[in-house]
Amino acid sequence: MAALSKSIPHNCYEIGHTWHPSCRVSFLQITGGALEESLKIYAPLYLIAAILRKRKLDYYLHKLLPEILQSASFLTANGALYIAFFCTLRKILGKFYSWTPGFGAALPASYMAILIERKSRRGLLTIYMANLVLLFCITAAMYMFFFRCKDGLKGFAFSALRFIVGKEEIPTHSYSPEAAYIKVEQKKEKLEDKPRKMNIIALVRKLVDSICKNGPRHRCCKHYEDNCISYCIKGFIRMFSVGYLIQCCLRIPSAFRHLFTQPSRLLSLFYNKENFQLGAFLGSFVSIYKGTSCFLRWVRNLDDELHAIIAGFLAGVSMMFYKSTTISMYLASKLVETMYFKGIEAGKVPYFPHADTIIYSISTAICFQAAVMEVQTLRPSYWKFLLRLTKGKFAVMNRKVLDVFGTSASKCFQDFTPRLDPRYTTVPPELPVEFS
């Protein structure tokens, strides 16, 4: 373990921004790169979220861009302020300690950055958990349980789940079975009045209906237009299509960059493995959840909110098709946040002001400390994210000098040695580094 009291005399150019000796220029370069990547991340994310939540035109005209810029500014500040405090701490302390390049610089930077973000998005963060699928299964089970409970979920979480699994799985419907049957008959009459267009969607629907025409439906099931088999199959097809289209949309910017240089790469926009993986993940999640819910209604002869725990847990296995640490950890952290605030409302959990901000700052600082001193302990997805955010500059730190702290900082960078301008260095590169 690195000794906290020991130090090295190198300046911030020799350790951190080895690509340029100027702190100001390095700060501007990090800021520009981080802003560009942040916009690429948040622009499609907010646009897809707005579509899923069926936002009105007023939102797209007046709120969408400010929200994108606010979140992009938060992420940009996280990277830019890190390098700013990295240099500031070196100038204040006059040397580097084992904690200053990572934790010391990242803690104030992440705290100030999270204050820029909207309060509704300051979710509680957690440390990486090894068993990704199991974590998602547990998270999905609890989410689906809250989804089915009255006032269990609100806002975007409720809207998103209602879009994914359908309103048929919400136990408190505003219409009776008789009214539902009337709506179905009216819908059929309207379809009969219109000229039939045999497009692809109509053909697929007709095929599914013919396969499941005589299937059973339990009296407790609220999918009045379909039997249980058709209900599950249609759920899979619908969400598989949504997942496929979402992944295609996310790949459009990178595909069009090669429109003229490599036109053949446009085919990968539609025939890409990730497109089908996301589709399989969403489709199987919905079909497993719906299928299990119908099965439990048949077995127990009633509709119970507790069914959602079993159905959600089994549906979580669908993450094997699309293993995403980001999705799993984000949903788990938001679940913790939801349960925490429910505990506050019930008067059983004390309220800690700014708890989300403090936890985020400490968690991010720990990750940055690992990224500087022990990259081998950091999960690969987060390391790739840091490289993307800094345009690869996080990888060109002089970690061989940091090896003296005993953390094997250069273990993954044995072949890299920065080419420093000796006019701006404190310690000549050929001299061995010693503790002070």
Side-chain angles (χ1 to χ4, degrees), residues 12 16 23-24 26-43 45-46 49-50 59 62-92 99-128 154-157 326 329-341 343-344 349-372 382 385-386 388-390 393-394:
C12 50
C23 298
R24 184 179 301 176
S26 300
F27 170 79
L28 293 175
Q29 289 176 343
I30 291 290
T31 303
L35 179 59
E36 179 185 343
E37 291 301 320
S38 298
L39 291 173
K40 289 180 181 179
I41 292 171
Y42 281 110
L45 181 66
Y46 273 84
Y59 174 82
H62 302 103
K63 294 184 179 180
L64 178 60
L65 183 58
E67 288 185 2
I68 292 174
L69 292 176
Q70 186 172 3
S71 292
S73 299
F74 144 70
L75 196 56
T76 302
N78 224 146
L81 291 176
Y82 168 74
I83 193 67
F85 279 104
F86 183 95
C87 299
T88 301
L89 280 176
R90 168 61 180 82
K91 292 179 180 178
I92 292 174
W99 54 272
T100 52
F103 190 90
L107 184 62
S110 56
Y111 183 84
M112 293 177 65
I114 195 63
L115 295 177
I116 299 174
E117 181 61 285
R118 289 185 298 140
K119 193 171 181 60
S120 60
R121 289 184 53 84
R122 300 177 194 173
L124 297 175
L125 300 181
T126 54
I127 310 278
Y128 173 73
K154 299 177 182 178
F156 176 69
T326 303
M329 294 305 301
Y330 174 77
L331 292 178
S333 66
K334 295 301 290 184
L335 177 62
V336 172
E337 181 183 18
T338 300
M339 296 177 70
Y340 172 65
F341 284 112
I344 293 174
V349 178
Y351 174 69
F352 298 98
H354 311 296
D356 51 355
T357 304
I358 294 171
I359 292 176
Y360 171 82
S361 303
I362 295 174
S363 301
T364 305
I366 291 173
C367 290
F368 270 69
Q369 178 71 10
V372 175
Y382 191 74
F385 168 73
L386 289 178
R388 178 183 175 185
L389 191 65
T390 60
K393 291 182 172 61
F394 220 129

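The nearest pair of heavy atoms linking Ile114 to Ser361 is CG2-OG, 4.5 Å. The heavy-atom pair separating Tyr42 from Ser71 by the smallest distance is CE1-O, 3.4 Å. Thr31 approaches Phe27 most closely through the heavy-atom pair OG1-O, 2.7 Å. The two residues Ile344 and Pro350 have their closest heavy-atom pair at CG1-O, 4.3 Å. The shortest non-hydrogen separation linking Phe74 to Ala113 is CD1-O, 3.3 Å. For the pair Trp99 and Gln369, the tightest heavy-atom approach, listed with the atom from each and the gap, is O-OE1, 3.6 Å.
Distance CG/Leu35 to CG/Leu69: 8.5 Å, rounded to 0.5 Å. Rounding to the nearest 0.5 Å places CD1 of Ile83 at 9.5 Å from OG1 of Thr390. Taken to the nearest 0.5 Å, the CZ atom of Phe385 stands 4.5 Å off from the CG atom of Leu75. Between atom CG of residue Leu389 and atom CD1 of residue Ile41 there is a gap of 6.5 Å, rounded to the nearest 0.5 Å. Rounding to the nearest 0.5 angstrom, the gap separating the CD atom in Glu36 from the CZ atom in Arg388 is 9.5 Å. In this structure, the separation between CD1 on Ile68 and CG on Leu45 is 9.0 Å, given to the nearest 0.5 Å.
Between Ile362 and Ser110 the shortest side-chain heavy-atom distance does not fall below 4.5 Å.
Using cut-offs of 30° and 60° on the angle between ring planes, the pair Tyr382 and Phe368 is perpendicular.
Side-chain contact check for Gln70 and Tyr46: no donor-acceptor pair (N or O, by modelled atom type) lies under 3.5 Å.
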